[in-house]
Amino acid sequence: MAEAIAEEISALSAIYCDKDEFELLETTDTVGAIFRIQIAVDSGSERILLKLQFHLPIEYPSSPPDISVSCERLTRKQCLAIKHALLEKATSLISGPMVHELIVWLQHNFTSINEKSANPRTPNCQSEQGGDAELWTALLLLDHMRAKSKYMKTIEKWTSDLGLTGRLFMGKLILILLQGRKRNIKDYIVLQKTSKVDVDSSGKKCKEKMMQVLREIQMPSSYQQIPTFEIKDYSSQEDLKQEFELTGLSELYLELAHMLVLLKGVQRGTVMSFK
């Protein structure tokens, strides 16, 4: 992990030292650092808790962090407006430690950001309709599910919170097909990798360490997005192929079949060729 990131994490853990304020989720030499900070903000009539998740890439602070926002008292639209406001502010702070400054700025500007999110003509909402409005598709492969019922409910909640559609295919392979904005798909992948979503062989909660992102592609403007997120059971190769065809993703299925041939013997367990 880069020295700048390590120093900032040390400073943040000292600043946000109360119970549940700071949680370090992951640090590696390739990923950088992922952590959550919980803060209170004044919404006018009450104080509410915001959960901010930051991913500092290894290039940080030359590159801005990825940020996700969640709050039980706010809508998804309001959380997205806060996220985009923070990302916009981060671009003006490149080259120096910025997380604490971003949080202080948010606490001072929360009311105005929240008010703008209710107005469809505000810059924040327009930015959602602009460069980040392109439709993307991602295909993820899970190794296994032990706590299957809870795991599936978690996936459904995350996709709903992030405004993603697609399919969870349950069969010989466990595949997650996601469609939506690229940033929201990236937020989902971070959640999938850093949250305790399953249990290990001894029944203890554990993170999803063996998930693979098989494909991420931008869809053509003529493509019609899958309208909902659904769980689909399948029992054969032909069933899965038909599901992809029904969603207009025949080419992606052919890529999947080819990738699985290449993956055969590389990953243990459920990953096998259809051939």
Side-chain angles (χ1 to χ4, degrees), residues 23 25 34 36 38 43 48-55 66-87 113-114 117-118 120 124-125 127-129 132-142 145-171 174-199 205 207-208 211 213-219 223-234 243-244 246-249 252:
E23 181 183 6
L25 301 173
I34 301 172
R36 290 194 189 105
Q38 181 172 266
S43 66
I48 61 176
L49 292 177
L50 291 182
K51 292 182 180 180
L52 309 174
Q53 182 162 301
F54 293 89
H55 172 205
D66 289 328
I67 305 170
S68 61
V69 180
S70 61
C71 177
E72 294 180 355
R73 305 300 297 273
L74 299 179
T75 65
R76 185 178 64 86
K77 180 180 176 182
Q78 289 172 307
C79 289
L80 284 172
I82 295 168
K83 169 184 172 176
H84 291 158
L86 286 168
L87 290 171
I113 295 170
N114 202 31
S117 70
N124 281 338
C125 292
S127 68
E128 278 198 17
Q129 297 169 0
D132 192 36
E134 293 89 353
L135 179 65
W136 282 73
T137 293
L139 184 62
L140 316 180
L141 174 66
L142 300 185
M145 285 186 182
R146 289 192 175 95
K148 186 176 293 186
S149 178
K150 182 180 178 182
Y151 205 146
M152 291 191 296
K153 287 179 181 178
T154 299
I155 291 173
E156 288 183 301
K157 182 181 186 304
W158 285 345
T159 55
S160 176
D161 290 346
L162 291 168
L164 299 173
T165 62
R167 297 288 186 266
L168 170 58
F169 294 119
M170 300 292 297
I174 303 173
L175 298 164
I176 305 175
L177 179 69
L178 300 174
Q179 289 191 340
R181 292 187 175 91
K182 188 175 184 179
R183 282 181 176 176
N184 293 359
I185 290 175
K186 184 179 290 188
D187 287 345
Y188 177 93
I189 292 171
V190 170
L191 282 171
Q192 184 81 57
K193 288 182 175 180
T194 60
S195 303
K196 292 184 177 180
V197 291
D198 205 1
V199 295
K205 292 182 179 180
K207 297 177 183 178
E208 177 57 73
M211 183 197 78
V213 180
L214 298 180
R215 196 75 166 91
E216 286 184 274
I217 52 173
Q218 183 178 337
M219 306 304 292
Y223 178 82
Q224 293 295 314
Q225 181 177 357
I226 300 172
T228 59
F229 186 87
E230 299 177 19
I231 298 173
K232 295 283 186 176
D233 294 315
Y234 69 95
E243 289 291 345
F244 274 77
L246 288 172
T247 57
L249 296 171
L252 182 57

Problem set entry | Counterpart residues, side-chain contact (heavy atoms from CB on, under 4.5 Å), relative to L25 (two or more places apart) | E23, I34, R36, Q53, T194
For this session: Just jot down the side-chain contact (heavy atoms from CB on, under 4.5 Å) partners of C79, sequence neighbours excluded, or say none.
Result: V69, C71, L74
For this session: Taking N184 for its side chain and L162 for its backbone only, find out whether a donor-acceptor pair lies under 3.5 Å.
Result: yes
For this session: Without swapping roles, check the side chain of T154 against the backbone of K150 for a donor-acceptor pair under 3.5 Å.
Result: yes
What I'd like to find out is whether the side chain of [X] reaches to under 4.5 Å of the side chain of [Y], using heavy atoms alone.
| X | Y | answer |
| --- | --- | --- |
| I231 | E156 | yes |
| H55 | K186 | no |
| I174 | L168 | yes |
| R167 | Y234 | no |

Once you round to the nearest 0.5 Å, how far does [atom1] of [X] lie from [atom2] of [Y]?
| X | Y | atom1 | atom2 | value |
| --- | --- | --- | --- | --- |
| H84 | I113 | NE2 | CD1 | 12.5 Å |
| W158 | I176 | CH2 | CD1 | 8.5 Å |
| Q192 | I185 | CD | CD1 | 13.0 Å |
| K232 | M170 | NZ | CE | 14.5 Å |
| L249 | I217 | CG | CD1 | 7.0 Å |

For this session: Report the C-alpha separation of I189 and M211 in whole Å, then their side-chain angles, then the decisive distance to 0.1 Å, and conclude whether the side-chain contact (heavy atoms from CB on, under 4.5 Å) test is met.
Result: CA-CA 9 Å; I189 292 171; M211 183 197 78; 3.9 Å; yes
Exercise. By salt bridge (Lys or Arg N to Asp or Glu O under 4.0 Å), which residues pair with K51, not counting sequence neighbours?
Worked result: none
Exercise. Quick one: salt bridge (Lys or Arg N to Asp or Glu O under 4.0 Å) partners of R146, sequence neighbours excluded?
Worked result: none
For this session: Please name the residue in the list L178, I226, L177, T247 that meets the side-chain contact (heavy atoms from CB on, under 4.5 Å) test with T137.
Result: L177
Exercise. Quick check, are the ring centers of F169 and F244 under 6.0 angstrom apart?
Worked result: yes
Problem set entry | Pairing residues for W136 by the ring pair (Phe, Tyr, Trp, His ring centres under 6.0 Å) criterion, not counting sequence neighbours | none
Exercise. Run the side-chain contact (heavy atoms from CB on, under 4.5 Å) check on M152 and M145 step by step: do they pass?
Worked result: CA-CA 9 Å; M152 291 191 296; M145 285 186 182; 4.1 Å; yes
Seminar exercise, completed: Residues passing the side-chain hydrogen bond (donor to acceptor under 3.5 Å, both in side chains) test with K83, sequence neighbours excluded, are D187
Exercise. Can you name the closest pair of heavy atoms from L164 and Y188 and give their distance?
Worked result: CD1-CB, 3.8 Å
For this session: State, to 0.1 Å, how close E216 and A138 come at their nearest heavy-atom pair, and which atoms those are.
Result: CG-CB, 4.0 Å
